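Not measured: the values here are computed from a predicted model. Letters A, B, ... are given to chains in the order of the sequence lines, protein chains preceding strands, and every chain is numbered from 1.
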Amino acid sequence: MRDVTVMSYGEAIREALDDGLTQYPEMILIGEGVPDPKTIFATTQGLREKYGAERVLDMPLAENGMTGICIGAALAGMRPVLVHQRIDFALLSVDQLVNNAAKWRYMFDGQQQVPLVIRVIVGRGWGQGPQHSQSLQAMFAQVPGLKVVMPTTAGDAYHFMLDAIADNNPVLYIEHRWLHHIQGEVDKNSPRTALTGAALLRQGGDITLAAFSHMSIEALKAATVLAKHGVDAEVVDMRCLTPLDVDSVARSISKTGLLLVADCAPETASMAHKLLSELFQSHGQHLRQPPRLIAYPNHPVPTSHFMANHYYPGAEEIAAAVLEMLDKQPLKQIVTMELQSDLAKDLPDRSFAGPF
Amino acid sequence: MRDVTVMSYGEAIREALDDGLTQYPEMILIGEGVPDPKTIFATTQGLREKYGAERVLDMPLAENGMTGICIGAALAGMRPVLVHQRIDFALLSVDQLVNNAAKWRYMFDGQQQVPLVIRVIVGRGWGQGPQHSQSLQAMFAQVPGLKVVMPTTAGDAYHFMLDAIADNNPVLYIEHRWLHHIQGEVDKNSPRTALTGAALLRQGGDITLAAFSHMSIEALKAATVLAKHGVDAEVVDMRCLTPLDVDSVARSISKTGLLLVADCAPETASMAHKLLSELFQSHGQHLRQPPRLIAYPNHPVPTSHFMANHYYPGAEEIAAAVLEMLDKQPLKQIVTMELQSDLAKDLPDRSFAGPF
Amino acid sequence: MTAMNSAGADLKQLYYQMLRIRRVEQAIAERYQQQEMRCPTHLCIGEEAIAVGISAHLTTQDKVFSNHRGHGHYLAKGGDLRRLLAELYGFAEGCCGGRGGSMHLTDLAAGFIASTPIVGGTVPLAGGYAWAEQMKKSGAAQGCASVAGGTTPWMEEVERSRRPEPRTPEATNVVVIFFGDGCFEEGVMHETMNFAALKKLPLLFVCENNQYSVMTPLAERQPERDIYKIAAAHGLQAASGDGNSVEQVYALAQAAVANARTGQGPQFLELHTHRWPEHCGPNEDDELGYRSPGELADWKLRCPLLQTRQALLDKRLSDESELTAMEASLADEIEQAFQWALRGSRPSIDSMGLHLYA
Amino acid sequence: MTAMNSAGADLKQLYYQMLRIRRVEQAIAERYQQQEMRCPTHLCIGEEAIAVGISAHLTTQDKVFSNHRGHGHYLAKGGDLRRLLAELYGFAEGCCGGRGGSMHLTDLAAGFIASTPIVGGTVPLAGGYAWAEQMKKSGAAQGCASVAGGTTPWMEEVERSRRPEPRTPEATNVVVIFFGDGCFEEGVMHETMNFAALKKLPLLFVCENNQYSVMTPLAERQPERDIYKIAAAHGLQAASGDGNSVEQVYALAQAAVANARTGQGPQFLELHTHRWPEHCGPNEDDELGYRSPGELADWKLRCPLLQTRQALLDKRLSDESELTAMEASLADEIEQAFQWALRGSRPSIDSMGLHLYA
Ligand SMILES: Cc1ncc(C[n+]2csc(CCOP(=O)(O)OP(=O)(O)O)c2C)c(N)n1
Ligand SMILES: Cc1ncc(C[n+]2csc(CCOP(=O)(O)OP(=O)(O)O)c2C)c(N)n1
Ligand SMILES: [Mg+2]
Ligand SMILES: [Mg+2]
């Protein structure tokens, strides 16, 4: 039985947290700002009122300590969901996440477990600058024992959150800030995700676009315009990083023969390397041409929008690369034109007007 | 003019620190244990006596704070070398390393710089266990703004350390504990390394072995025995991770047509993915066969030597893979036999007898 | 006419500095609405007395580190106003060439080393800087090179109000770190206090306790006890006071800076104050209801500027006409600074990749 | 015959527990030379009074977290000796199935949750566990599931000396965290103390101040001031005492555990003691010279066991023949435990990859 509602990605997260708090009496929702009037971009709105200040609470500024405290509570059977408004702040807690959370079950021979969710938001735009806009997914995804997901659609945002809460392992749930406003269908009755597997966002036979998080949206945009010009791209959303679903991409390239990977991270910090490396080891023969990678430059994001607007590749760069790979350069100009937006480049949507 | 001395890797580090303290009056050597009677496995021996307690000193247990303190001292013109006896402890300081050290020069538009060396040791053997034997090089190497080196030979240990001290950027200097006792030539007069470039440890035409840190030693061992059986492997030591010298490997495979990468890290945390991904994008045509990767399993190292001894692949596994790739399986048995050692598998050398 | 009070403070000068910060912040708030300063901006309106009362005791040789709420610290230390504004606009002439925005400021010539927005991030850096100053003085690190990694064209044309150099040759340069009550919860604070006390560093910790971390009140984050007493327990000389009284801040800072300068080790001041605008952004946000009713209004009655203005008039250290002239000259300076900033140039896209490595 | 002293301590029982730890540690040290316990091992010889004096007040429902030097904490809490030894040998019957070795211990049935060797790593975990205990009691988290991720075959066959359950139904389970003077330097200590004080957690911090972090003396790491006074400044009820007097530890712990149990918030004890053997490993290392001359010898005169033994004899609570019998029974228990451990099985190589994820 389907039970579909259309809501934004941010609303889907709120909905999942709400349902989680109902379904799991042992769930706690904690983080700097969780119960404040802005409620983490409205994703925790109303939850303190509904579930009480003991279960929905703010915290001191002490990322490593509070992560350890949540691990301890998880060992005692709670299900804490710890929120950082920026993934950059989670860097203070790498010790607890990597030395403890990721290893606890293993090193205690399966006798103990850490059902913990760390919810982090990747910043972008309006001058977030070097310390508030890092793309750190690959740093965490390489750690055995952590589960890392980057849902792209509202539906995945909902189900991944609920499944992360139910999961008995530490799960890092990475949201890109620019996904929050995007609407999508949420079917609460769809089956459990197990937090694995890529998603086929669009079928197509000409080229495979394997993309991560917000870049999947950009890839879709590119694919939509390309389709008008006879280029049919398949878009695979690499929404789960551990394990990375290499097989889905292999299946797609066995059909298309061409691969472009688009990641929202600096090249050195891109999960694309693991994807391409695995394909090279086992499925290289499918490709008619070497694969290509579109990623961010290898330096921090400068604050000034005059620079930052050129830091981020998007649909235009993806479309241009696709046309090059298909040897259809003449289409570049028209496709680029159709992809151009009048929205300021450092804003995710029209409702947005700084400072956050 | 060459001025060659044979010394161990550990001695080479001590020598470089000594020379650094002489050449740079602004150098400070600090870390838990630096001046204690064991002097970080004898790598800081005699330095406090020679340069005084102000410049060669111990520190409180406060990895993040002390890293920040060293960054601050570096901003003021000092050249701190901060030592962690285990790389695992550096996880407490990821905030300062990534949010500050790596970005400082960039975000302050080149007006300030952080001449800082972080010296860390990767543990292995004698039950180091899950929290004292992590391989974290890829976690740090992905961060734009950090320089990461993993010298394999005594010569590189010396020059990389001295060049890291001279470098005006934050450098993470990663030592594998099992390299410390290995002897090698140090020519103090050889030119500056600039902390870049792979090293060709052995020439050969049959297959390229690209290896990292201690795995380069294992690759050399394998190559030596293989050579007796007519297989001539080229060994490329990927001693610098940022930038990774992909070109040297490309050059080698354009000659050999076969590539095996051996890394001392769990597969998900392996730098090999970046290497293979880049090769796939630009040099895939050189290979007659898909490349292979030998790495550690994707879980922590258990303490029990009964398990840990089987955690680490080495020369035997490398040789076996080479023989498979060259379709010379019949040689496996004899080569494996010749590679077997009577040394206990959790000890780096005969002089070693726990507990460290 | 100078206007020394009992502690030797030039009250008029202090007032002028506070007013300058206030007017700059207000001008930023006003123009922020134009959506051309496109970066997160944390104003310090209501808290000006702290930056001013502390910096009055510092020379350009003394160093300041700060946090996300850094405009006041930067200006009080003598940071270039024009380059601050250019930075907010994202122009190449900004003090970070546009790479930092409001939350990353620097003016090395003024001794304002850096502000950054990871809470607690600059605290140990200040400790390390103070340590280096101590080592340079002791001769432990004679060959110590300079901090600058290069100079920029505008560095030379910077002019600013110089302050007297340290009096005695034996005195050490002092390093000051400004941070908030929220920051005090970060472990790195304690790690730095411990090291500073161990090494007797010439370091002054200034805790601006405005009772909030973003919108979260102290009571949701810390137990009831005094912050400065923890510092005292760490072995620091510590005191607390009214952060809205510039005279009190001045007097406390006088002792603290003198102690730090003369080798008596790290000092800690907890100064109580209140932020008037929203945490981040140009507006007021009292309607959100996270402050208790009347709280903001009460604090506005205790405005550091109003109090000082009244004292100046009461003590006849100044008069309305002089204060009006002061306003006019500031309005003029600020207007010109904005004009200068707005003539700034867009950083070239090609330059975006520079300066990652030395 | 029981042997209550004024504080109600059963001195003979305390002595027995200390002696048991001492003899186990000595037996480990002796056999360590055979190179079959192949893992870093930090012995607590000289520091036994702390673990014993604290745990005397704990039930199996109370929980303990510990650090790299955890054997004493584990044994005093009722952790299974045989599985400790099997763990040191790396056998499947070890309390972590061989995955942890000396530095990672657990015995959930005894309420000994975990020890791990990243200094400071378990401190916030203890805080979080205490928070969960508090929430369970308040009913905030009724549906709270159990901690175990699975059971192991030997879990069931574990037998141990049970202690009385908490007396009143209103009382909360108490969580204890043991850590050293070095650990106190880690920022996470302060983050945890702040949260514990904020939430009034049923948590007892026990600082084993043995003056050294590995071989580095306190004076190279901390300024002169009392550790427990920092805890007091954080808002904890804090005290210090002689960690080599089991009677003093017992008395201090009695009050502290009672306070924590009855909702009076977190407690902190700084207990002065000294480690006799080398930091890590089975040997003495006085010849290395990092301790001041005579320091170790002085502390040996203040041996917690010797003192208690003398008190037992002086107060005629025991006699030589009973103490000799005690030694014999311990020797027997320990010998049998080693025999049991040495019959352990090698964990299968295939099992190495299990249990990473639930
Ligand atoms: C490590 C870290 N955690 C969280 C944040 C988000 N943040 C920015 S400012 C701030 C409040 C800091 O409060 P306080 O230190 O009292 O300074 P105030 O803003 O009151 O001046 C927070 C939580 C951050 N920037 N860095
Ligand atoms: C984060 C971290 N830093 C450093 C170490 C290395 N180390 C292990 S034990 C120890 C000393 C700890 O001293 P203390 O807390 O006083 O405990 P003690 O050994 O004296 O009982 C150190 C530095 C570590 N394990 N973890
Ligand atoms: Mg505040
Ligand atoms: Mg100690």
Yes or no on side-chain contact (heavy atoms from CB on, under 4.5 Å) for D:Y129 and A:I69, after CA distance, side-chain angles and deciding distance?
-> CA-CA 7 Å; D:Y129 212 110; A:I69 281 164; over 6 Å; no
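- By the neighbour-count criterion of 12 heavy atoms within 6.0 Å, atom NZ of A:K188 is densely surrounded, having more than that number from other residues, nucleotides or ligands.
- Of the two parts of A:E54, the backbone and the side chain both hold a non-hydrogen atom closer than 4.5 Å to a non-hydrogen atom of chain D.
- With values rounded to the nearest 0.5 angstrom, D:M135 atom CE is found 9.5 Å from A:R55 atom CZ.
- Listed options A:G52, A:A102, A:G65 were ranked by heavy-atom pairs under 4.5 angstrom with chain D; first place goes to A:G65.
- Here the shortest heavy-atom pairing between D:L198 and A:P60 reads CD2-CG, 4.4 Å.
- Using a 4.5 Å cut-off between heavy atoms, D:K199 contacts chain A through its side chain alone, with no backbone atom that close.
- Ranked by heavy-atom pairs under 4.5 Å with chain D, the list A:T67, A:L61, A:N99 is led by A:N99.
- For A:L146, the part lying under 4.5 angstrom from a heavy atom of chain D is the backbone only.
- Within the 4.5 angstrom heavy-atom criterion, atoms from both the backbone and the side chain of D:M352 approach chain A.
- Taking every heavy atom of both residues into account, D:A358 and A:N168 meet most closely at CB-CB, 3.6 Å.
- Heavy-atom pairs under 4.5 Å with chain D were tallied for A:P115, A:P80, A:P170, A:P144; the largest tally goes to A:P144.
- In plain terms, the two heavy atoms of A:A76 and D:K136 that are nearest each other are O-NZ, 2.8 Å.
- Rounded to the nearest 0.5 angstrom, A:M59 CE and D:F195 CZ are separated by 9.5 Å.
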Given D:T116 and A:W104, is the side-chain contact (heavy atoms from CB on, under 4.5 Å) satisfied, shown in steps?
-> CA-CA 10 Å; D:T116 62; A:W104 204 266; 3.7 Å; yes
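- Using a 4.5 Å cut-off between heavy atoms, A:L92 makes no contact with chain D at all.
- Counting only heavy atoms from C-beta outward, the side chains of A:M107 and D:C96 never approach each other to under 4.5 Å.
- Side-chain contact check for A:Q112 and D:T106: at least one donor-acceptor pair (N or O, by modelled atom type) lies under 3.5 Å.
- Heavy atoms only, all atoms of each residue included: A:N169 and D:Y357 are closest at OD1-CA, 3.2 Å.
- Scanning all heavy atoms of the two residues, the minimum distance from A:Q111 to D:L108 falls at O-CD1, 3.6 Å.
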Show your working on side-chain contact (heavy atoms from CB on, under 4.5 Å) between A:R105 and D:L356 and close with a plain yes or no.
-> CA-CA 6 Å; A:R105 190 174 202 282; D:L356 184 61; over 6 Å; no
Starting from the C-alpha separation in whole Å, work towards a yes-or-no answer on side-chain contact (heavy atoms from CB on, under 4.5 Å) for A:F108 and D:R99.
-> CA-CA 7 Å; A:F108 290 107; D:R99 277 144 188 244; over 6 Å; no
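- When all heavy atoms of A:Q96 and D:P124 are compared, the pair lying nearest together is NE2-CG, 3.4 Å.
- Looking at D:I118, only its side chain comes within 4.5 Å of chain A, counting heavy atoms on both sides.
- Heavy atoms of A:D95 lying under 4.5 Å from chain D belong exclusively to its side chain.
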